[in-house]
Amino acid sequence: MKDREQYVRYQQDRTVLAAIGAHLNPISRISVRLPRSLAESAVAAWDREELGEISEESREEYDLRDDAAELALIGLAIASRGAWDGDEVIVDLDAVQIASALRAAQ
């Protein structure tokens, strides 16, 4: 961080962002349609067992693993409450999961 004032500003910004999140919290799930191939890949990520411990990792490796975890949680949602409709699945996803997927698409 360049200076203490900037750090404090960023902390204040995080507080405001968290307050916005608290107001959006009632919007917990949104119904979405996903193609079967993507839905099946997400479920496979949930079903996969990751063995071994996590060693020291770079920020990029952490972010990559975090995205993989978000995909697995989408897979769990599909497996537990998804409704298959032909070549698509309809599933209610948490807003956080949707945000993660949108962020990964950028």
Side-chain angles (χ1 to χ4, degrees):
M1 222 31 76
K2 287 184 177 182
D3 60 36
R4 178 79 179 143
E5 287 179 27
Q6 187 178 30
Y7 181 77
V8 170
R9 269 196 316 275
Y10 289 163
Q11 283 183 316
Q12 292 168 340
D13 288 348
R14 178 187 278 170
T15 300
V16 172
L17 184 61
I20 290 171
H23 284 287
L24 297 176
N25 195 27
I27 307 171
S28 61
R29 290 192 179 157
I30 300 168
S31 184
V32 299
R33 286 182 166 269
L34 297 172
R36 179 177 286 276
S37 62
L38 295 178
E40 288 173 343
S41 293
V43 171
W46 169 251
D47 288 338
R48 184 174 53 232
E49 286 192 38
E50 298 291 344
L51 303 175
E53 293 183 26
I54 298 168
S55 60
E56 189 172 323
E57 58 190 359
S58 69
R59 179 62 190 193
E60 182 180 341
E61 291 168 329
Y62 172 85
D63 289 343
L64 193 59
R65 187 172 53 79
D66 190 52
D67 285 348
E70 289 296 338
L71 175 63
L73 290 174
I74 290 171
L76 170 61
I78 292 167
S80 63
R81 61 179 180 269
W84 295 97
D85 182 20
D87 287 337
E88 295 182 317
V89 66
I90 303 164
V91 63
D92 291 343
L93 294 179
D94 291 334
V96 172
Q97 294 166 329
I98 292 170
S100 295
L102 290 171
R103 193 171 37 256
Q106 292 179 337

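This one's a predicted model, so the numbers in the text were calculated from it and none came from an experiment.
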Path from Leu64 to Leu71 over hydrophobic side-chain contacts below 4.5 Å:
no
Examine Leu34 and Ile98 and state if one hydrophobic cluster contains both, with Ile, Leu, Val, Met, Phe, Trp and Tyr joined whenever side-chain heavy atoms are less than 4.5 Å apart.
yes
Are Arg29 and Arg81 close enough, and set up right, to give a side-chain contact (heavy atoms from CB on, under 4.5 Å), and what steps lead you there?
CA-CA 12 Å; Arg29 290 192 179 157; Arg81 61 179 180 269; 3.5 Å; yes
Closest heavy-atom pair, Ala72 versus Ala45, reported as atoms and distance to 0.1 Å, is CB-O, 3.8 Å
Which heavy-atom pair separates Ile78 from Ala42 by the least distance, and what is that distance?
CD1-CB, 4.0 Å
Cluster overlap Ile74 with Ile30, hydrophobic side-chain contacts below 4.5 Å:
yes
Minimum heavy-atom distance Trp46-Gly75, with the two atoms named:
CB-C, 3.9 Å
Minimum heavy-atom separation for Ser31 and Ile90, please, with both atom names.
OG-CG2, 3.5 Å
Would Arg9 and Asp13 pass as an ion pair if we require N to O under 4.0 Å?
no
Please say whether more than 12 non-hydrogen atoms of neighbouring residues, nucleotides or ligands are located less than 6.0 Å from CD in Gln11.
yes
What I'd like to find out is whether the side chain of Arg103 reaches to under 4.5 Å of the side chain of Glu70, using heavy atoms alone.
no
Residues Glu61 and Glu57: closest non-hydrogen pair is OE1-CA, 3.2 Å
Do you know which of Val91, Val89, Asp85, Asp87 makes side-chain contact (heavy atoms from CB on, under 4.5 Å) with Arg33?
Asp85
According to a 4.5 Å side-chain heavy-atom criterion applied to Ile, Leu, Val, Met, Phe, Trp and Tyr, with indirect links allowed, do Leu102 and Ile20 form part of one hydrophobic cluster?
yes
Side chains of Val96 and Leu73, heavy atoms from C-beta outward: is any pair under 4.5 Å?
no
Give the minimum heavy-atom separation between Ala104 and Asp67, together with the two atoms involved.
CB-OD2, 4.3 Å
